[in-house]
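Right, one structure below, let's go through it.
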Amino acid sequence: MSNLPLWLAVLPLIGVGLWAWRRFHYPSYWLLVGFPITAVSVRTSWRRIALGCGLTKKRQRWWFTTVPGLVASTGIVKVKRRFQRVAVDTKPFMWLPLPTRHGWRVTVHTLEGQTPGDYADAAERLAHSWGVHAIRVSSPGPGRVVLAATMRDPLVTVDQLPPSTDLLKVTVGRLETGKPWVIDFRTVPHWLNAGATQSGKSNLANALIVGLAPQPVALVGIDLKGGVEFTPYAPRLSALATCREEAGRLLDDLVALMLDRMGVCRQASARNIWQLPPALRPVPVVVLVDELAELYLMADKSEKDEIAKTSTALLRVAQLGRAFGIYLFCCGQRIGSDLGPGVTALRAQCSGRICHRVNDPETATMTLGDLDPAALASARAIPAETPGVAIVASQDGQWYRARSFYVSEQSAEHAAHTHAHVTPPWDEITTHLTQPDPSELLDA
């Protein structure tokens, strides 16, 4: 009893020390204290959690059972022991959990008749059962799934990362896995970015401009909000269209530029501009489109021909521009099938998908609906108080929650003025271009 006051004094100190360790150096605390406890808990609870989430299978097993016999007058119960086959709930085999930066991951061998989709459907139930933020399911090979647990949301605060030094590659934020969120136009040439007002859509465009500004590329803006979004960045833009008429002329120039580069590649026996010698390789062009729906909205029938022409030119750039160094990044508050078949055709060419918080389910469906139903549900669940959070179809074929860095308009404007000397004049890029012949484009 004499040592009791000493323990009462030591325990609070240990608790404070563990709290300070966790607070100021969480990675080491997680690896040395948090993860071992979590790993033991995951392994010991796997049977009952798998049973509760419907991931077990009934299998016949020989079981040593006891069957109550008759009760004698003395009150002693006579028991007959024997072997018999019984149905037993069998759990999937689980390997040892491994630590990750924001949680842990574990490989599970599926039972007969199971698919990774069964585990994906149970992911939310698994997350609640283990008390983690989220469970992501992937399949590295037949008969195996990987359950990746995130202990806490890594997108609550997103710190800036060093900018990418590779051409046409921009680090714009972080994925929920803790890895950088990279937009690489060389790998995924065309992107569709949907989001409501104050969802982070414009902030992502700012991050993209800041990342591309120092690179030797031509930035072209189509700002159908009257130019209020991209005009402050005009020093770094080779061309800027602020209405549908100007956009039509600019897209005609892009189609003509594409045809000219086709001829250069054909003469050099190159499949794309990256196979050309550096001396002949033209400058890459990134086209930033804001308020995409304005290209397709029609007030009366007199605008039908203009919309059809503009839509066709944009679709041609999306279909053929990748090989000739022309890339698209299209943004819009609302992208729906009611805008016409041109939007649907354009969406099919944009393999990069980004969906921020949206006001209507059709925009989320139009952006992500043909990828994964779970991605659609996650996009609909983005709260308004987390601007910059989006669902991203990554270049590895999977989708992730991600959040872009906060990039103020002043920072983007400063980058545009600082790197204005890098801007290639549009007149030089389009020198000696002629308007395309539709039959020639069709043959190409």
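Just so you know, residue 1 is the first one in the sequence shown, and it goes up from there.
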Rounded distance (nearest 0.5 Å) linking atom NZ of Lys169 with atom CG of Leu212 = 13.0 Å
Is a donor on one side and an acceptor on the other found under 3.5 Å between the side chain of Asp118 and the backbone of Thr115?
-> yes
Does Asp305 reach the main-chain N or O of Ala308 with its side chain, forming a donor-acceptor pair under 3.5 Å?
-> no
side-chain contact (heavy atoms from CB on, under 4.5 Å) between Leu126 and Leu147: does it pass, once the steps are laid out?
-> CA-CA 9 Å; Leu126 291 171; Leu147 306 179; 4.3 Å; yes
Do the rings of Phe329 and Trp191 sit parallel, tilted or perpendicular, given the 30° and 60° boundaries?
-> tilted
Pair listing, side chain to side chain donor-acceptor pair (under 3.5 Å) test, anchored in residues 33-53, at least two apart = Ser45-Trp130
How long is the span from the CD1 atom in Ile273 to the SG atom in Cys265, to the nearest 0.5 Å?
-> 7.0 Å
The residue among Val317, Leu219, Leu254, Val217 that forms side-chain contact (heavy atoms from CB on, under 4.5 Å) with Val285 is Leu254
Donor-acceptor contact below 3.5 Å, side chain Arg357 vs main chain Thr197 | yes
Which distance, rounded to the nearest 0.5 Å, do you find between the CG of Asp360 and the CD of Gln333?
-> 10.5 Å
To the nearest 0.5 angstrom, please state how far the CG atom of Asp253 sits from the CE atom of Met258.
-> 12.0 Å
Taking side chain as C-beta onward, heavy atoms only, is Thr110 less than 4.5 Å from Val145?
-> yes
Any chance you could lay out the side chain to side chain donor-acceptor pair (under 3.5 Å) test for Tyr233 and Asn206, step after step, and finish with the verdict?
-> CA-CA 10 Å; Tyr233 316 137; Asn206 291 344; 2.8 Å; yes
Above 12 or not: heavy atoms from other molecules or residues under 6.0 Å from CZ of Arg105?
-> no
Inspect the contact between Arg401 and Asp153 and indicate whether a charged nitrogen and a carboxylate oxygen are less than 4.0 angstrom apart.
-> yes
Are the side chain of Thr423 and the backbone N or O of Ala420 linked by a donor-acceptor pair below 3.5 Å?
-> yes
Kindly say whether His109 contributes a backbone atom to a donor-acceptor pair with the side chain of Arg144 at under 3.5 angstrom?
-> no
Heavy atoms, side chains only, cut-off 4.5 Å: are Ile335 and Val343 in contact?
-> yes
Once you round to the nearest 0.5 Å, how far does OG1 of Thr150 lie from CG of Leu155?
-> 9.0 Å
Step by step, work out the side-chain contact (heavy atoms from CB on, under 4.5 Å) result for Ile354 and Leu192.
-> CA-CA 6 Å; Ile354 303 170; Leu192 194 61; over 6 Å; no
In terms of heavy-atom contacts, Thr171 and Val182 come closest through OG1-CG2, 3.9 Å
Pairwise side-chain contact, Leu315 with Gln349, heavy-atom cut-off 4.5 Å (strictly under) = yes
Distance only, no hydrogens: is a donor on one side chain within 3.5 Å (strictly under) of an acceptor on the other, for Asn203 and Ser404?
-> yes
With distance as the sole test, does Thr431 use its side chain to make a donor-acceptor pair with the main-chain N or O of Glu428 at under 3.5 Å?
-> yes
Steps toward side-chain contact (heavy atoms from CB on, under 4.5 Å) verdict (Tyr327, Arg186) | CA-CA 9 Å; Tyr327 310 99; Arg186 293 284 300 274; 4.1 Å; yes
Show your working on side-chain contact (heavy atoms from CB on, under 4.5 Å) between Val42 and Trp104 and close with a plain yes or no.
-> CA-CA 10 Å; Val42 168; Trp104 48 269; 3.6 Å; yes
For the residue pair Ala318 and His190, what are the closest heavy atoms and their distance?
-> O-NE2, 3.0 Å
Hey, what's the ring geometry for Phe93 with Trp95, parallel, tilted or perpendicular (30° and 60° as the breaks)?
-> perpendicular
Closest non-hydrogen atoms of Arg281 and Leu276, given as atom of the first, atom of the second and distance, are NH2-O, 3.0 Å
Apply salt bridge (Lys or Arg N to Asp or Glu O under 4.0 Å) to Asp252 and Lys309, showing your working.
-> CA-CA 9 Å; Asp252 288 340; Lys309 181 180 178 181; 3.7 Å; yes
Please report the shortest heavy-atom distance between Pro284 and Leu168, naming the atom on each side.
-> CB-CD1, 4.0 Å
Quick one: closest heavy-atom pair of Val210 and Ala412, and the distance?
-> CG2-CA, 3.6 Å
Heavy-atom distance under 4.5 Å between the side chains of Leu346 and Leu292, does that happen here?
-> yes
Close side-chain approach of Thr344 to Met366, heavy-atom, < 4.5 Å | yes
Can you check whether Leu111's main-chain N or O pairs, donor with acceptor, with Gln114's side chain at less than 3.5 Å?
-> yes
Can you name the closest pair of heavy atoms from Ala149 and Ile135 and give their distance?
-> CB-CD1, 3.5 Å
Whether over 12 other heavy atoms sit under 6.0 Å from Arg334 CZ = yes
Verify, without hydrogens or angle tests, whether Arg322 (side chain) and Pro189 (backbone) share a donor-acceptor contact under 3.5 angstrom.
-> no
Glu124 atom CD, neighbour heavy-atom count above 12 within 6.0 Å | no
Can you sort out the partners of Asp290 under side-chain contact (heavy atoms from CB on, under 4.5 Å), two or more places apart, ordered by chain and number?
-> Lys201, Asp223, Lys225, Glu229, Phe230, Cys331
Salt bridge (charged side-chain N to carboxylate O under 4.0 Å, His left out), paired with Glu176, selected from Arg152, Arg136, Arg403 | Arg136
Mind checking whether Phe185 and Leu328 have side chains closer than 4.5 Å, heavy atoms only?
-> no
Taking atom CD of Gln319 as the centre, does the number of heavy atoms from other residues, nucleotides or ligands within less than 6.0 Å exceed 12?
-> yes
Taking side chain as C-beta onward, heavy atoms only, is Val407 less than 4.5 Å from Leu208?
-> no
Are the side chains of Tyr119 and Val108 in touch, meaning some heavy atoms are under 4.5 Å apart?
-> yes
In this structure, OG1 of Thr386 is separated from NE2 of His356 (nearest 0.5 Å) by 10.0 Å
